[in-house]
Amino acid sequence: PGGEAQRKAEESPGVLLIIKNYTGDRINFRLAAEQAIAEGIPVESKGITGRRGIAGTALVHKVAGGAAEAGASLAEVKREAQAAVDAVASLGVSSSVCHIPGREEDLGRIKEGELELGLGIHGEPGVETIQASDADSLVKRMVSVILDGSEGRGFMSLGQGDRVALLVNNLGSATPLEVSIFTRAALNTLGELGVQVERVVSGPLVTSMDMSGLSLSLLKLDAGAGAGERVLERLDADTNAPGWPRGGGQRPPSPKGKELLPVPGGAERTFARPQTLTGKGTMLEGILAGVSVALERSEAELTNWDNKVGDGDCGVTFRRGAVGIRDDLPGYPLNSVADTLEALTNTIAKTMGGTSGALYRILLLSLSTSARAIEEEEEEGATTQAIADALRRGVEAISASGGAEEGDRTMLDALFPLEKAAEEGVGVREALERAVEAAEEGADATKNMKARAGRSNYVPEEVLKSTPDPGAKAAAIWMRAALTAMEATSIAT
C-alpha cells in the first residue's frame, strides 16, 4: 500500500516519509521507499519521531504539510519536519490498554486504581505503573518525566520564558470533559514553570482503538532566526483534514493590560455561633442535629427508591446536605431562626446539587424572610397562623419555580399537606404534629399518583407503581426528625 500511495505522487516534487519508531513501521516504510526510488520517485525520510513515535507525530505532520502547501521544496519540507522532530516530546498515560478486535482483551495488565505511564499506541508496555491521582498531580509527573535530564531520557529542556505548542491527545475513549480537565492542568503546570504556551491543540489526533488514556506533547518553539514563528505559521495554516481542530489551537488574547469589568459589590453575610444559647437556640441545634442524622441514615432507602423512578442520586444528595449541616452546625447563629435558616441556605448551596438543592434553597430563603418578619413583630414567639403563612409562602415559591402542583408526584406532595394541616391546629405543637402526619401521608400517597412533573414524568407508569416519590419521602423524613427533636426539648407550646 505504501508503494501505491507513492505512485500517486509521481508528478509531484517527491514524497516525504514520516516514520514512527516501531520496527514494523520502519521496515515497511523503508520497503516502500526503496520501491519508490526504484521507480524514480524522489523520497526523503527520517525514521525516528521521539523514542517510539506517538501523538507528537501529528505536530510533525502539520508542520511538514504547512511547509509543502506553502511551496517549499522536498528538501526544505524535510528540514522543517526534522526540526519539529528534534523539538517535540510526547508521553502517554492510560488506565487501560487497547483492545484489538479478534484478540483476547488484556484486562489484568493495568489494575484498578493504577495508570501505566509511557505506553505505546499499539499497547506496548509503558516505563512504569503509577497510582491514579488527580489531573494536576498527574500532569506535573508527566512534565517532570519529559524534562528529566537523566541518562536515557533528556527528551526536552524547558525554562522560564521558553515557548511551546501544546497537544493533548485523546488516545481513544477519554471523554471531552477529561480532555479539557487534562488540558487545563497542563496549562497550569507549564505556567508555573514560566513556559509560554502559544498554541493549544486537543482531541483524538493519534488514537489507540479504545484505549482509555491521554498523551501530552510539547513542541518547543525555537526563537532563533524566526524559526518559532515559522512553526506557528505552519500550525496555523488552513487545512481540510477533518481531525485538525478549527482555528489551529490559537489561544485567545491574554487579559493582561486590559481593564477588567468589576465584580458587582455586596458583602457576603457571615454568621457565628452565640456565646450563650437561648432556649430557642438549643431547640434549633437539636432539630438540625436530628435532621442531619435522619437524612444520613436514610441514604440507602432513598437511593433504592430513586433507582426505580429517577437517576439514583437522591440518597447521596441528601446525605451530602446532611453532612454539610453537621459540619456547619457549630457556626450557626442559633438564637435567631431567620439567620439560622439563611446560614442553612448557604450550607445547602455548597453541598446539595441538582434540582433538590435549588428548590430547598428557595424554600429556606422564603422561610428565612418570613421568620425575620415574625421575629421583628411577634415578641412572644410565632403563632400558629404565622407559621402556617410562612409555610404557605415557601411552598408556593417552590411550586411557582418548578411548575409542579399538589398531586404531580413530587416533593410538594409532602409540603402542601404540611402547610394545610398547620392551619388547622390549635396550638403550635398540635399544628406541627398534624402537619408532619399529613406530610408523611402525602409522601406515601405518591405511590399511587401519576407523575406529571419532575424526572418521574418520563418513567413508565408500571415502574412507578408501589414506589413512593423519593423527594417527597425525604421531606417527610426530615420533618419527622425535626418534630421528634423539638418534642425532646420540651419547648414547643
Side-chain angles (χ1 to χ4, degrees), residues 287-326 344 347-364 391 394-395 397-399 401-421 432-485:
I287 289 173
L288 292 174
V291 166
S292 174
V293 170
L295 287 175
E296 195 167 1
R297 287 176 177 173
S298 301
E299 179 185 2
E301 193 172 30
L302 293 172
T303 298
N304 179 53
W305 289 322
D306 202 33
N307 279 334
K308 297 176 181 177
V309 300
D311 58 5
D313 69 345
C314 184
V316 69
T317 297
F318 279 95
R319 179 185 61 78
R320 287 172 180 164
V323 172
I325 293 171
R326 184 191 66 202
L344 184 59
T347 298
I348 299 304
K350 65 184 181 181
T351 58
M352 288 181 65
T355 303
S356 294
L359 291 177
Y360 271 101
R361 289 172 64 190
I362 292 172
L363 174 63
L364 290 168
L391 289 172
V395 172
I398 291 179
S399 180
S401 299
E405 298 178 354
E406 188 174 8
D408 284 347
R409 191 187 167 94
T410 69
M411 62 185 285
L412 286 172
D413 290 305
L415 295 176
F416 270 117
L418 171 79
E419 173 255 317
K420 292 177 180 177
L432 291 178
E433 286 177 346
R434 290 186 184 181
V436 171
E437 289 173 359
E440 290 173 332
E441 292 173 0
D444 288 335
T446 59
K447 290 187 291 186
N448 302 312
M449 293 180 185
K450 181 177 180 180
R452 291 191 293 269
R455 284 173 303 206
S456 294
N457 185 36
Y458 309 103
V459 179
E461 189 172 351
E462 58 269 19
V463 177
L464 298 178
K465 292 178 179 178
S466 302
T467 303
D469 179 73
K473 290 296 288 185
I477 288 169
W478 66 253
M479 290 177 202
R480 174 57 65 185
L483 180 60
T484 299

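All values reported here derive from a predicted model rather than from experimental measurement. Residues: numbered from 1 along the sequence shown.
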key: Shortest non-hydrogen contact between Ala294 and Ala481, atoms and distance   = CB-CB, 3.5 Å
task = Would you mind checking if Arg326 and Glu296 are paired as a salt bridge, meaning a charged N to carboxylate O distance below 4.0 Å?
result = yes
ask   = In Å and rounded to the nearest 0.5 Å, what is the CG to CH2 distance from Asp469 to Trp305?
value = 10.0 Å
task = Can you see which heavy atom on Ile348 is nearest to which on Arg361, and at what distance?
result = CG2-CG, 3.8 Å
key: Phe318 vs Glu299 side-chain heavy atoms within contact, under 4.5 Å   = no
task = Answer yes or no: is there a donor N or O on one side and an acceptor on the other, between the side chain of Asp306 and the main chain of Cys314, under 3.5 Å?
result = yes
query = Side-chain contact, heavy-atom cut-off 4.5 Å: Val316 with Thr303?
reply = no
key: Least distance between heavy atoms, Thr317 atom then Ser356 atom   = CG2-CB, 4.4 Å
task = Would you check if Ile325 and Leu295 make a side-chain contact, meaning some heavy-atom pair closer than 4.5 Å?
result = no
request  = Indicate the atoms forming the closest heavy-atom contact of Pro470 with Leu302, along with that distance.
outcome  = O-CD2, 3.6 Å
Main-chain N/O of Arg480 paired with Thr484 side-chain donor or acceptor, under 3.5 Å = yes
